[in-house]
Amino acid sequence: MEVREFDSPAKNTWCLGCGNFNILAVVKQVMAELVESGDVKSEQIVISSGIGCHGKISDYIKVNSFYCLHGRVVPPLMGMKVGNQRLKVIGFAGDGDAYDEGVSHLIHTARRNLDATFIVHDNQVFALTTSQVTPTTPIGFKTKSVPKGSFESPLNPLHLMLACGATFVARGFTGDIPHLRSLILQAVRHRGFAFIDVLQHCPSFNPTLEKFKPKVYDLNKEGHNVEDFAAALEKAKEWNDRIPIGIFYQVKKEIYEKQLLGDRLLAEEKPLPSVQSVLQEFM
Ligand code: SF4
């Protein structure tokens, strides 16, 4: 399958040099590889995205997609997988969308271990609305909402996901495309909730490419044991002089929809079960 078969006719309006282009390119490559290798058919891939610059990715990839309300990227993933376990579902969110408006959905879906991939375009700022603080904005960073600099301690997304029980926790960087491609491919092939926080360069409001590039290193090339929870927590603290990217934690655990439904495929049941009849089974 050719990557270009995932190209959409929509005009791309991201700013020149935006890290979102790299995420988009990599995701289309991964999708082509998944189809080529027989992992999934293209019509079985469904994506959802939220509100923010990242959200336009739903317009730019020619697959079935769900454009969500702000912070509501995860609930459609849950609904789609419960309705049809054969789907490959991938959610895209910004750092504001994922860690602010949508954080409760993220927490509970991670602990349930839904078989889904969740990719955060983390540029540490609300960029679509031209620069306000998000939960990952660093201390001292000046935006329109805090002209004297942010004074709030930023959230550590990796610590959050580790604490919630996500079974695949990783960090990517839009300045290292081959690494990001490998990471997203492994995340999508992981059976369970796969989370990637991607450090995303935003040339218009938070240009981080040159700042992060000399500091970023691949922790999986330095002997990190991905099954060691304590080591993952420790590595996730590292930030200032060296910034680890790669898989921090990965373990096997039964997935949510299998525990809920066994091998039932609600989407293929004839006639399709009503919502009431499904709910009745749990009452
Ligand atoms: Fe990308 Fe930033 Fe422009 Fe949004 S504002 S499209 S995140 S460069």
Side-chain angles (χ1 to χ4, degrees), residues 6-30 47-63 65-74 90-103 106 117-147 149-150 152 154-155 157 170-177 179-181 183-184 195-213 215-216 243 245:
F6 290 101
D7 290 347
S8 90
K11 182 171 179 244
N12 195 310
T13 58
W14 285 330
C15 310
L16 198 64
C18 176
N20 284 332
F21 283 105
N22 298 358
I23 298 175
L24 172 66
V26 159
V27 166
K28 287 196 286 191
Q29 288 171 19
V30 165
I47 63 174
S48 69
S49 67
I51 300 299
C53 295
H54 82 277
K56 299 175 190 173
I57 201 164
S58 282
D59 295 332
Y60 303 150
I61 307 179
K62 201 171 76 178
V63 288
S65 62
F66 199 100
Y67 216 141
C68 305
L69 296 174
H70 208 184
R72 305 297 180 261
V73 175
V74 175
I90 307 172
F92 299 88
D95 40 303
D97 201 79
Y99 308 137
D100 202 332
E101 286 86 352
V103 72
L106 183 57
T117 304
F118 191 74
I119 298 170
V120 181
H121 303 220
D122 187 354
N123 56 14
Q124 305 177 326
V125 71
F126 279 112
L128 186 70
T129 45
T130 69
S131 185
Q132 295 83 25
V133 288
T134 71
T136 54
T137 303
I139 289 176
F141 186 82
K142 292 179 181 168
T143 72
K144 288 178 182 169
S145 62
V146 280
S150 175
E152 297 178 14
L155 176 82
R171 178 189 285 137
F173 174 46
T174 56
D176 187 342
I177 295 175
H179 181 268
L180 186 61
R181 183 181 182 285
L183 204 57
I184 292 179
F195 165 86
I196 309 178
D197 182 79
V198 182
L199 303 176
Q200 182 234 312
H201 175 57
C202 168
S204 298
F205 299 108
N206 190 16
T208 49
L209 186 63
E210 297 311 320
K211 187 167 76 174
F212 289 159
K213 205 158 196 166
K215 299 179 177 180
V216 158
I243 301 176
I245 58 172

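One-based numbering, in listed order, for ligands and for the atoms of each. In this chain, residues are counted from 1 in sequence order.
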I'd like to check [X] versus [Y] (side-chain heavy atoms, cut-off strictly below 4.5 Å). Are they in contact?
{"X": "Asn123", "Y": "His201", "result": "no"}
{"X": "Lys144", "Y": "Thr129", "result": "no"}
{"X": "Val198", "Y": "Asp122", "result": "no"}

*Please report the C-alpha distance between Gln200 and Cys202 in whole Å, then the side-chain angles of each, then the deciding distance to 0.1 Å, and finally whether the side chain to side chain contact (heavy atoms under 4.5 Å, CB included) criterion is met.*
CA-CA 6 Å; Gln200 182 234 312; Cys202 168; 4.3 Å; yes
*asked:* Is the contact between His54 and ligand 1 made by the side chain, the backbone, both, or neither, using heavy atoms and a 4.0 Å cut-off?
replied: neither
_Charged N-O contact under 4.0 Å between Lys62 and Asp7_ = no
*For ligand 1, which atoms have a heavy atom of Gln200 less than 4.0 angstrom away?*
7 (S)
_Using 30° and 60° as the class boundaries, would you call the ring planes of Phe195 and Phe118 parallel, tilted or perpendicular?_
parallel
_Using a strict cut-off of 2.8 Å, how many protein N/O/S atoms surround atom 2 (Fe) of ligand 1?_
1
*asked:* Please evaluate residues Ser131 and Thr143 with respect to the criterion side-chain hydrogen bond (donor to acceptor under 3.5 Å, both in side chains), reporting the C-alpha separation (whole Å), side-chain torsions for both, the decisive distance (0.1 Å), and the verdict.
replied: CA-CA 6 Å; Ser131 185; Thr143 72; 4.7 Å; no
